[in-house]
Amino acid sequence: MPQWDGAAGSPGLTVAEAVAVQDRLRPRADLVGPGPRRPATVAGLDVAYAPDGDLLAAAVTVLDTATLTVVDHAVSVGRPAFGYVPGLFAFRELPALLAALDRLTVRPELLVCDGHGLAHPRRFGLACHLGVVTGLPAIGVGKTPLVGTWTGPGPRRGDTAELVDAGEVVGRVLRTRDGVKPVFVSVGHRMGLDNAVAQVLASTPRYRLPETTRTADRLCRETLAAATGPARATG
DNA sequence: GCGACAG
DNA sequence: ATCTTGTCGC
């Protein structure tokens with residue numbers, strides 16, 4: 001059985017087939033936007049894995065942009081649909097994320113993904129994939145780089161630097177907090193880079209990561225804990 | 001050929 | 001991603 005095959009043992013795609021899917025879908029991504037200027041709602045998506053990697057929980061939280069409070073949320077529990085292969089991340093988390101998105105009652109105006117969009121070796125990261133598949137505007141906010149080089153950014157919140165790969169600007173390195181490690185913002189679908197950065201800044205009033213990501217992260221961890229088995233005190 | 005490599 | 005102890009700071 002292929003090493004990247006899901007633990008469930010389902011056939012799945014081969015690495016070559018997954019790459020082919022990305023190549024086929026890439027032309028469908030709208031990397032210009034400009035995207036919603038004043039979205040009323042923004043969604044955060046994240047996935048948590050069980051220690052053994054056999055189980056995962058995906059969560060989507062929808063926040064009111066005016067208050068940054070959660071107005072809707074949904075989760076899904078399942079098995080990784082693909083092994084962890086840098087560059088083929090979407091094939092691992094997409095099924096679970098889509099299942100969670102389907103359970104939403106509010107249609108978010110923007111998806112903020114935990115990972116990259118254009119800042120990807122084949123210019124089609126998770127944010128692009130999710131955007132194209134759902135048709136919704138999407139951006140990627142990564143905690144660490146996958147591709148590209150940069151200089152800076154300055155030390156203050158709001159300072160940015162271009163993320164360049166193979167001679168092209170694929171994203172922006174953004175400082176969301178004074179003196180704190182920056183995040184990597186890239187376009188996914190139906191959004192422009194300037195607007196993407198603006199939306200990320202608008203959702204990071206206090207911490208390094210967007211409130212969308214933080215709330216989704218909390219929710220998928222709680223969901224995984226509940227699915228793995230309720231924690232119980234030993235004393 | 002050898003490392004690096006979103007989460 | 002997840003496993004992990006202490007530590008520094010508001």
Side-chain angles (χ1 to χ4, degrees), chain A residues 3-4 6-7 15 18-19 21-22 26 29 44-61 75-98 100 111-132 138-150 157 163-166 170-174 176-189 196 200 205-210 212-229 231:
Chain A
Q3 63 169 37
W4 42 260
V15 167
V19 170
V21 169
Q22 293 183 325
R26 187 175 47 243
L45 306 89
D46 195 19
V47 173
Y49 294 85
D52 56 30
D54 278 357
L55 199 66
L56 64 74
V60 182
T61 53
V75 301
S76 80
V77 174
R79 307 210 154 257
F82 206 82
Y84 172 60
V85 181
L88 296 178
F89 209 57
F91 296 89
R92 186 168 170 76
E93 304 192 339
L94 209 62
L97 288 172
L98 290 175
L111 302 181
V112 178
C113 308
D114 196 24
H116 302 285
L118 225 211
H120 175 279
R122 284 172 300 280
R123 306 292 181 260
F124 199 72
L126 175 65
C128 297
H129 206 141
L130 210 38
V132 166
I139 65 175
V141 179
K143 296 182 285 292
T144 62
L146 174 58
V147 297
T149 58
W150 67 95
R157 164 178 161 82
L163 179 61
V164 180
D165 183 50
V170 296
R172 209 165 281 165
V173 184
L174 171 67
T176 54
R177 291 277 290 159
D178 290 359
V180 171
K181 183 164 58 163
V183 297
F184 301 78
V185 180
S186 61
V187 159
H189 182 51
V200 172
R206 175 153 189 208
Y207 300 101
R208 178 193 176 221
L209 299 178
T212 38
T213 299
R214 290 167 43 77
T215 53
D217 178 75
R218 246 176 298 158
L219 180 56
C220 65
R221 284 175 192 275
E222 293 171 358
T223 302
L224 181 65
T228 298

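Order of the sequence lines fixes the chain letters, A, B, ..., with proteins taken first and strands second; residue numbering starts at 1 for each chain. The basis for the numbers below is simple: all heavy atoms, side chains too, and nothing from hydrogens, waters or symmetry mates.
- Heavy atoms of L97(A) sit nowhere under 4.0 angstrom from any nucleic acid atom.
- Per the geometry, CG belonging to D165(A) stands 17 Å off P belonging to dA4(B), to the nearest Å.
- Contact annotation: T144(A) does not reach the phosphate of dC5(B) (side-chain N/O to OP1 or OP2, under 4.0 Å).
- Remark: side-chain polar atoms of R172(A) are not paired, donor with acceptor, to backbone N or O of S186(A) under 3.5 angstrom.
- Backbone-only contact: P145(A) has heavy atoms under 4.0 Å from sugar-phosphate atoms and none from a base.
- At whole-Å resolution of the value, CG in L224(A) and P in dG7(B) are 18 Å apart.
- L126(A) comes within 4.0 angstrom of a base, heavy atoms only.
- Phosphate contact (OP1/OP2 of dG7(B), side-chain N/O of K143(A), threshold under 4.0 Å): present.
- Taking atom CG on D54(A) and atom P on dT2(C), their separation rounds to 14 Å, with Å as the unit.
- Regarding contacts with the backbone of dA6(B), every side-chain N or O of R92(A) stays at 4.0 angstrom or more from both OP1 and OP2.
- Ring centers of F89(A) and H129(A): at least 6.0 Å apart, outside the cut-off.
- In this structure, D217(A) atom CG and dA1(C) atom C1' are separated by 10 Å, rounded to whole Å.
- Among the protein residues, A48(A) comes within range of the sugar-phosphate backbone only, with heavy atoms under 4.0 Å from sugar or phosphate atoms but none that close to a base.
- Of all the heavy atoms in G117(A) and A127(A), the pair that sits closest is CA-CB, 3.6 Å.
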> Going through the checks in order, is the salt bridge (charged side-chain N to carboxylate O under 4.0 Å, His left out) test met by D46(A) and R214(A)?
Replying inline: CA-CA 9 Å; D46(A) 195 19; R214(A) 290 167 43 77; over 6 Å; no
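- The CG-C1' distance, from L55(A) to dT2(C), rounds to 14 Å in whole Å.
- Taking atom NZ of K181(A) as the reference point, atom P of dA6(B) lies 12 Å away to the nearest angstrom.
- Contacts of G142(A) with the nucleic acid, taken as non-hydrogen atoms under 4.0 Å apart, involve only primed sugar atoms and P, OP1 or OP2.
- Heavy atoms of G140(A) sit nowhere under 4.0 angstrom from any nucleic acid atom.
- Across all their heavy atoms, C128(A) and V187(A) have their closest contact at SG-O, 3.8 Å.
- The ring of Y84(A) lies on top of the base of dG7(B), close enough and flat enough: under 5.5 Å between centres, under 30° between planes.
- Per the geometry, CG belonging to D52(A) stands 13 Å off C1' belonging to dC3(C), to the nearest Å.
- Y49(A) comes within 4.0 angstrom of the backbone, heavy atoms only, and of no base.
- In this entry the distance linking NE2 of H116(A) with C1' of dA6(B) reads 4 Å, nearest Å.
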